[in-house]
Amino acid sequence: MYRTHTCGELRPAHIGQTVTLAGWVHRQRDHGGVTFIDLRDRTGLVQVVGDPNLPEVSAIQDARNEWVLQVTGMVRPRPAGAENPNLVTGAIEVAVQKCVVLNPAKPLPLAVNTDETVDENIRLKYRYLDLRRERMYNNIVLRHNVVKFIRDYLSERGFLEIETPMLFKTTPEGARDYLVPSRLQPGTFYALPQSPQQLKQLLMVAGFDRYYQIARCLRDEDLRGDRQPEFTQLDLEMSFVERDDVLAVGEGLFTAMVQEILPGKRLLASPWPRMTYTESMERYGNDKPDLRFGMELHNLSDILAASEFMVFQNVLKNGGVIKCIVAPGCADYTRKEVDELTTFSKEQGAKGLATLALTAEGVKGTAQKFIKPAEVEAIQTRTGAQTSDLVLFIADSKPVANKTLSALRLLFRDRLNLADPNVLAFAWVLDFPMFEYNEEDKKWDAAHHPFTMPKMEDLPKFETDPSQILSDAYDMVLNGYETASGSIRIHRSDIQQKVFQLLGLKDEEIQSKFGHMIEAFQFGAPPHGGMAPGIDRLIMLFAGEPNIREVIAFPKNQAGRDVMADAPSPASEKQLRELHIKLDLPEEK
RNA sequence: GAUCCCGUGGUGUAGCGGCUAACAUGCGGCCCUGUCAAGGCCGAGAUCGCGGGUCCGAAUCCCGUCGGGAUCGCCA
């Protein structure tokens, strides 16, 4: 037996007991005679003392940071005045009688016992050391608590956790698949699942009624701070439900979770706000609004319809819009600062940025000479802009204006600290469009996915205007992130056929790619729907971390590499031969 | 595919045209019996990511390249 107790559990109640501990040297303080070590295991720290009056102290004196020790000694109270209120074990210490070095350690490439920032490349290369640090440990524990809460909550409500295959089938829609070559059937490939979407629907056809899975999903696309090539979703599906039944489960789950395991956080509103996709786009410029602060977008196209500003005129003539946001207290921005905002806007796709500074000395800014006093007044009435505020205008096509102002809004959020980091602003965004026109490929794409149920009343629009078809798709958003996405699914094979056809899939293609789905829907498929919250993103937001790598034990870097194991790496000739794969690599420069 | 930012001892930073490259921490040695980021003294450790250029002189300016991050595209 290596230990009788853990480091973090010792209390004055243990005084007088002889205990054996095992752990890492968090810190060592050698006073020549008496030596202190803060011994660490995952439960915490405890001070062990090597006393010259006690035997076997040499190992204590020799020990260095991160050595692994086994220590046996008597728990005793610390001398009066020597208690450490910062440690939960700070009232006591362990007087060492025996110390065994289980394993010494070389000096570490990164310090485990501080929270100072370390280059992320080094952290990832030595991730097993990085994970010893308190911040990472806390994140991993939080992750466990979140997943455990999910399992308990859903199990209590009749959901079954069911595993689905990792080796499945490539699909034509959606993200790029990771392919896995089949050895037994040369020339064919599995695809790793982008999500268990089809399988969970088939589980509904099977009658399981309420299913969930903590499911790994894989998508071969470029990485971002909130996107990893493999990530984890709470995949969830229910039969005989309407949209609000699904939303109620999600809202109930995360509301209870916040109350139970996130005492430092509070919900912005309960019940959660709901808005349509269209409303979210109008008011926030995107479909994942951060509702922790205002600064909404305003459409000024009507007020400025008669503007003398040629830029505005031309945009309106071409079907564009003039929209704005109001940056509070920013009227004193310098020319340089405004230029930076203009550059930022152009990076987002806008052709330019016009500003109106409402200073105490009067109206200034690049748009001042084009906007009449009456128009300024109307703008102030609509937006609530006041003296000392800066109004930022984007005149462009509606998508560009929304995208740019949305990005500016988040820029000011961070610059002016407008969002309370302890608030969780959950909300639902509803009624997404069913299809988006893909200009590049000149075809319709599914906005959510092709199994999403179009609104019944919009079915006639398949023949007239697919862009106007709304769907029973919904997103759960949190603090400016899409944290779940779901829909009521198509359970009728005739509607499913219609969708596939509009997406431009040929009959043979529908059969080869989705024949099993179409067929299944002909054998008594129940109405069903579900959603899939992104575990990594949620935990990132719960933990207040800036990216999801911080809440994943072994994440990949921006180039999709595991820098610790150095993956991906070349396959051997033998492996390739078995798979009947020949490489055709691009010429090296 | 594109844009921007970063790269200086093990780690974190400073220096940004004139240095023998500074500081903290870590590391090694010595001293020290109550510390808890212990303290004191001594020491080792960087050709400033790499290559080229400008200059009397480059960590510092320019170009290229590699590595990392953020963003656009991409992500049903």
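Chain letters run A, B, ... following the sequence lines, proteins first, then strands; residues in each count from 1. The model shown is predicted, which means the values in this text are computed figures rather than measured ones.
Looking at heavy-atom distances under 4.0 Å, A:E93 makes contact with a base. Counting any heavy atom pair closer than 4.0 Å across all strands shown, A:D119 reaches sugar-phosphate atoms only and no base atom. Note on A:I122: only backbone sugar-phosphate atoms sit closer than 4.0 angstrom, heavy atoms only; bases stay farther off. When heavy atoms are screened at a 4.0 angstrom cut-off, A:R40 is found touching no nucleic acid atom at all. Contact annotation for A:A111: no contact, since no heavy-atom pair falls under 4.0 Å across all strands. Within 4.0 Å (heavy atoms only), A:E83 reaches at least one base atom of the nucleic acid. A:T452 comes within contact range of no nucleotide atom at all, as no heavy-atom separation falls under 4.0 Å. As judged by a 4.0 angstrom heavy-atom cut-off over every strand, A:K106 is placed among residues making no nucleic acid contact. Counting non-hydrogen atoms under 4.0 angstrom, A:A447 reaches the backbone sugars and phosphates but no base. Heavy atoms of A:P79 sit under 4.0 angstrom from at least one base atom. A:G81 comes within 4.0 angstrom of no nucleic acid atom, judged by non-hydrogen atoms across all strands.
Between A:P450 and A:V49, the residue whose closest nucleotide on RNA chain B is further toward the 5' end is A:V49. The residue among A:L110 and A:T171 whose nearest nucleotide of RNA chain B lies closer to the 5′ end is A:L110.
Rounded to whole Å, atom P of B:C36 lies 11 Å from atom CZ of A:R78. In this structure, CD of A:Q61 is placed 11 Å from C1' of B:U33, rounded to the nearest angstrom. In this structure, A:N84 places its CG atom 12 Å from C1' of B:A37, rounding to the nearest Å.
For A:R123 against B:G69, no side-chain N or O and base N or O form a donor-acceptor pair under 3.5 Å. Taking 3.5 Å as the limit, the base of B:C75 and the side chain of A:R227 contain a donor-acceptor pair of atoms between them. Counting atom types as modelled, A:D222 pairs a side-chain N or O with a base atom of B:G73 as donor and acceptor under 3.5 Å. For A:Q47 against B:U35, a side-chain-to-base donor-acceptor contact under 3.5 Å is present.
Here the separation of B:A21 from B:C16, taken at their C1' atoms, is 13 Å to the nearest Å. Taking atom C1' in both B:G15 and B:G7, one finds a spacing of 15 Å when rounded to whole Å. Remark: the separation of the P atoms in B:C72 and B:G52 is 37 Å, to the nearest Å. Across B:G45 and B:G9, the matching C1' atoms stand 6 Å from one another, rounded to whole Å. B:A44 and B:G28 have their C1' atoms separated by 7 Å, given to the nearest Å. Comparing B:G49 with B:G68, their C1' atoms sit 11 Å apart, to the nearest whole Å. Distance check on atom P: B:U65 versus B:G1 gives 13 Å, rounded to whole Å. Comparing B:A59 with B:U47, their P atoms are spaced 12 Å from each other, to the whole Å.
You'll find that the side chain of A:N65 is closest to B:C27, out of B:U11, B:C75, B:C27. Of the candidates B:G29, B:G69, B:G12, the closest approach to any side-chain atom of A:Q558 belongs to B:G69. Closest approach to the A:P107 side chain among B:C27, B:G34, B:G73 is made by B:C27 (side chain taken as heavy atoms from C-beta onward). Distances were taken from every side-chain heavy atom of A:A82 (C-beta onward) to each of B:C36, B:G26, B:G69; the shortest belongs to B:C36. Ranking B:A70, B:C27, B:C36 by closeness to the A:D38 side chain, first place goes to B:C36. Distance from the side chain of A:V34 is smallest for B:U33 among the nucleotides B:C75, B:U33, B:G12.
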Next on the checklist: Show, in sequence, the C-alpha distance, side-chain angles and deciding distance for A:V96 and A:D51, and conclude whether the side chain to side chain contact (heavy atoms under 4.5 Å, CB included) test is met.
Outcome noted: CA-CA 7 Å; A:V96 177; A:D51 193 310; over 6 Å; no
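Counting only distance, with no hydrogens or angles, the side chain of A:N547 and the backbone of A:E550 share a donor-acceptor pair below 3.5 Å.
For the pair A:R224 and B:C72, the criterion of a side-chain N or O lying under 4.0 Å from OP1 or OP2 is met. The phosphate of B:U71 has neither OP1 nor OP2 within less than 4.0 Å of any side-chain N or O from A:Q348. For the pair A:R27 and B:U35, the criterion of a side-chain N or O lying under 4.0 Å from OP1 or OP2 is not met. OP1 or OP2 of B:G68 sits under 4.0 Å from a side-chain N or O of A:N557. Contact annotation: A:R29 does not reach the phosphate of B:U35 (side-chain N/O to OP1 or OP2, under 4.0 Å). A close approach under 4.0 Å does not occur between any side-chain nitrogen or oxygen of A:R537 and OP1 or OP2 of B:C75. Contact check, A:T343 against B:U3: no side-chain N or O comes under 4.0 Å of OP1 or OP2.
Listed here is the closest heavy atom pair of A:G16 and A:M74: O-SD, 3.0 Å. Listed here is the closest heavy atom pair of A:L392 and A:L405: O-CD2, 3.9 Å.
A donor atom on one side chain and an acceptor atom on the other are found under 3.5 Å apart for A:Q198 and A:H516. Between the side chains of A:S406 and A:N286, a donor-acceptor pair is found at a separation under 3.5 Å. A:N402 and A:K323 form a side-chain donor-acceptor contact under 3.5 Å, judged by distance and modelled atom types alone.
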Item to check | Bracket notation of RNA chain B in which parentheses pair within the strand, [ ] cross earlier pairs, and | pairs with another strand (Watson-Crick or G-U, under 3.5 Å) | outcome: ((((((((.[[[[.)..(...]]]].(((((.......))))).....[[[[[..)....]]]]])))))))....
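Seen from the ring of A:Y211, A:K200 does not count as a face-on cation partner, given the 6.0 Å and 45° thresholds.
The side-chain heavy atoms of A:I488 and A:H528, taken from C-beta on, include no pair separated by under 4.5 Å.
Stacking between A:H31 and B:G34 is absent: the ring centroid is not both under 5.5 Å from the six-membered base ring centre and under 30° in plane angle.
Aromatic pair A:F451/A:F514: ring centres closer than 6.0 Å.
Heavy atoms from other residues, nucleotides or ligands lying under 6.0 Å from NZ of A:K398 number 12 at most.
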